[in-house]
There are 2 protein chains.
Amino acid sequence: MPTDTLAEEAPQRRSRGRPRKTADERDDGNRRQALLRAAAHLFRRKGFAATSTRDIAAAVGMRSGSPFYHFENKEALLAAVMEEGMQRALQHQRERMDAAVAAAPDALSARECLRVLVRGHFHNLLGPESDHIPVMLYEWRWLAPQQKQVVSELMAEYEAVWVPVLQALRREGALKGDTALARLLIFGALNWTAQWYDAEGSASLDDLTEAALQLFVKDLE
Amino acid sequence: MPTDTLAEEAPQRRSRGRPRKTADERDDGNRRQALLRAAAHLFRRKGFAATSTRDIAAAVGMRSGSPFYHFENKEALLAAVMEEGMQRALQHQRERMDAAVAAAPDALSARECLRVLVRGHFHNLLGPESDHIPVMLYEWRWLAPQQKQVVSELMAEYEAVWVPVLQALRREGALKGDTALARLLIFGALNWTAQWYDAEGSASLDDLTEAALQLFVKDLE
DNA sequence: CCTACCGATCGGTAGG
DNA sequence: CCTACCGATCGGTAGG
């Protein structure tokens, strides 16, 4: 964009016509980011089908046609929300696991591993800036097959970390039955919290984590 | 409707104009029922917001305006789907519990009670004619406050049956931690199966029930 | 990124 | 329950 070089030739340009943007809402890639944030928020609150691209545009102070300068169409915006959400979730999962391993004097127990994963999942699902993942979970059907492919690979990567942990628990006798079914049921219990968890309520994410572990994992006595 | 008395005066009336309906799709309350079934199916497959009342009308061979002869508006149709679904689910839950109690030589154990409830819930959620409950779970947000009130009372009635069972398990030591949180997590695990369960797949509803019990309930050794 | 616009679709209604 | 219709809204585009 030639704005900078033009600025050298017309340094005294006054603000007239439509109001100037303030510094932190200028072009960059941050208009795109703003659209993604607003879309995630609205898609979560009203669902994909009931959110108009006009709603999203208005939420970031754009006119109705402008989102299509940044995204090819409404579905591409949805796919981008989900991909960004999963990338951030993967990142957060890695950081938590690495930190937990680094902090453990001996090897981390399978139970402690699961605790870290569950706690991290609640952060990804219910924490601050967490609209993206519920949108991914609940608006999945609107993706085109190719977009589903991309997102489901990220989901598979996320879930793959859980597999050896559950298998270890099963070897210990702390988990019974088929681990694949157990994993699906566990993710169900966790993901469903997005339907009822109230951040203002009495239970914290740590409380939820504790309740989940007590429910899923037999204590070894 | 005066059709019958008029028929006495014109018994020879021939079929002309638009084709006659066959016997089992005649007026009655069964056009309303047909609309409910079609609506449940489409609301589940495409979501409430993306299903047009025209889609629903076409699915039962009506014209676009006709659903509004049976239902005041689109939301009333959704509410009726949910209410019917919950009434049937409650009925089914009662029948299963009564049958299990009648069949038990001694008192039913808490664990067996939970098994019956879980198995019944899978039937309500994943069995034949089961679109209504997933619609209730996933399209909840479209209800008006007053409709939410009605449906949530039915849900409360459904869940109330589970409470003493979970409390009994907790007293036995087969369930740890807060029972209210446990109930929410358990329902999450069960309800989420609507997202991934494939009736054509390898696991039966009995398999799912077994997996759920193994996951949630500690065996008492 | 805005302006101005298009074709399509939607929920719902009057009148029969 | 159909016919004929309305006003509103929507995703998306051309042209700048």
Side-chain angles (χ1 to χ4, degrees), chain A residues 1-4 6 15-22 25-36 38-39 42-43 46-81 139 142-144 147, chain B residues 1-4 6 15-22 25-36 38-39 42-43 46-81 139 142-144 147:
Chain A
M1 218 172 279
T3 308
D4 289 335
L6 280 175
S15 63
R16 58 182 161 175
R18 88 178 64 112
R20 295 300 305 271
K21 312 280 187 174
T22 65
E25 56 181 27
R26 229 171 359 222
D27 9 8
D28 309 326
N30 88 348
R31 301 312 291 148
R32 190 174 191 277
Q33 272 303 309
L35 282 169
L36 281 175
L42 289 166
F43 287 160
K46 319 207 305 176
F48 175 77
T51 300
S52 71
T53 54
R54 281 164 167 80
D55 292 338
I56 298 166
V60 299
M62 286 182 186
R63 299 313 195 90
S64 69
S66 303
F68 300 100
Y69 170 77
H70 295 277
F71 295 92
E72 196 184 340
N73 52 38
K74 196 183 170 191
E75 278 107 46
L77 189 42
L78 178 66
V81 164
E139 306 299 329
W142 302 112
L143 290 187
Q147 299 167 324
Chain B
M1 215 173 282
T3 308
D4 288 334
L6 280 175
S15 64
R16 58 183 160 173
R18 87 177 66 109
R20 297 297 307 269
K21 311 280 188 175
T22 65
E25 55 180 31
R26 228 167 4 218
D27 11 7
D28 309 325
N30 87 350
R31 302 309 293 147
R32 191 175 190 277
Q33 272 303 310
L35 281 170
L36 281 176
L42 288 166
F43 287 161
K46 319 205 308 175
F48 175 75
T51 299
S52 70
T53 54
R54 282 163 168 82
D55 291 338
I56 298 167
V60 299
M62 286 180 184
R63 299 313 195 90
S64 69
S66 302
F68 299 101
Y69 170 77
H70 296 277
F71 295 92
E72 195 184 343
N73 53 36
K74 197 184 169 189
E75 278 107 47
L77 189 42
L78 178 66
V81 165
E139 307 298 329
W142 302 112
L143 292 186
Q147 299 167 323

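Letters go in sequence order (proteins before strands), and every chain restarts at 1.
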Rounded to whole Å, how long is the line connecting atom CZ of B:F68 with atom C1' of C:dG16?
19 Å
Heavy atoms of A:L42 and A:T51 approach each other most closely as O-OG1, 3.2 Å
C:dG11 P sits how many Å from B:K74 NZ, rounded?
4 Å
When every non-hydrogen atom of A:A50 is compared with those of A:K46, the smallest separation belongs to CB-O, 3.4 Å
Side-chain donor/acceptor of B:N30 to backbone N/O of B:Q33, under 3.5 Å
no
Side chain of A:S66: nearest nucleotide among C:dC2, D:dG12, C:dG11?
C:dC2
Which string of ( ) [ ] | and . matches DNA chain C, if you list each base 5' to 3' and count Watson-Crick or G-U pairs only when both distances are under 3.5 Å?
||||||||||||||||
Using atom CE of B:M62 as one end and atom P of D:dC1 as the other, report the distance to the nearest whole Å.
4 Å
What is the distance, rounded to the nearest whole Å, between atom CD of A:E75 and atom C1' of D:dG11?
10 Å
Is A:S52 touching bases, backbone alone, or none of the nucleic acid, heavy atoms closer than 4.0 Å?
sugar-phosphate
Please give, in whole Å, the distance from D:dC5 P to B:R54 CZ?
14 Å
Please report the distance, rounded to the nearest Å, between OH in B:Y69 and C1' in D:dA4.
19 Å
Less than 4.0 angstrom between a side-chain N/O of A:R63 and OP1 or OP2 of C:dT3, yes or no?
yes
Provide, to the nearest angstrom, the distance between the CZ atom belonging to A:F71 and the C1' atom belonging to C:dC1.
14 Å
Closest heavy-atom contact between B:A49 and B:K74?
O-NZ, 3.8 Å
Closest to the 5' end of DNA chain D, once B:L35 and B:S64 are matched to their nearest nucleotides, is B:L35
Shortest non-hydrogen contact between A:L35 and A:P67, atoms and distance:
CD1-CA, 4.1 Å
Step-by-step side-chain contact (heavy atoms from CB on, under 4.5 Å) determination, A:H70 to A:M62:
CA-CA 12 Å; A:H70 295 277; A:M62 286 182 186; 3.7 Å; yes
Between atom CD1 in A:I56 and atom C1' in C:dC1, what is the gap in whole Å?
17 Å
Is any side-chain nitrogen or oxygen of B:R31 closer than 4.0 Å to OP1 or OP2 of D:dC1?
yes
So, does B:R31 use its side chain to make a donor-acceptor pair with the main chain of B:V60 at under 3.5 Å?
yes
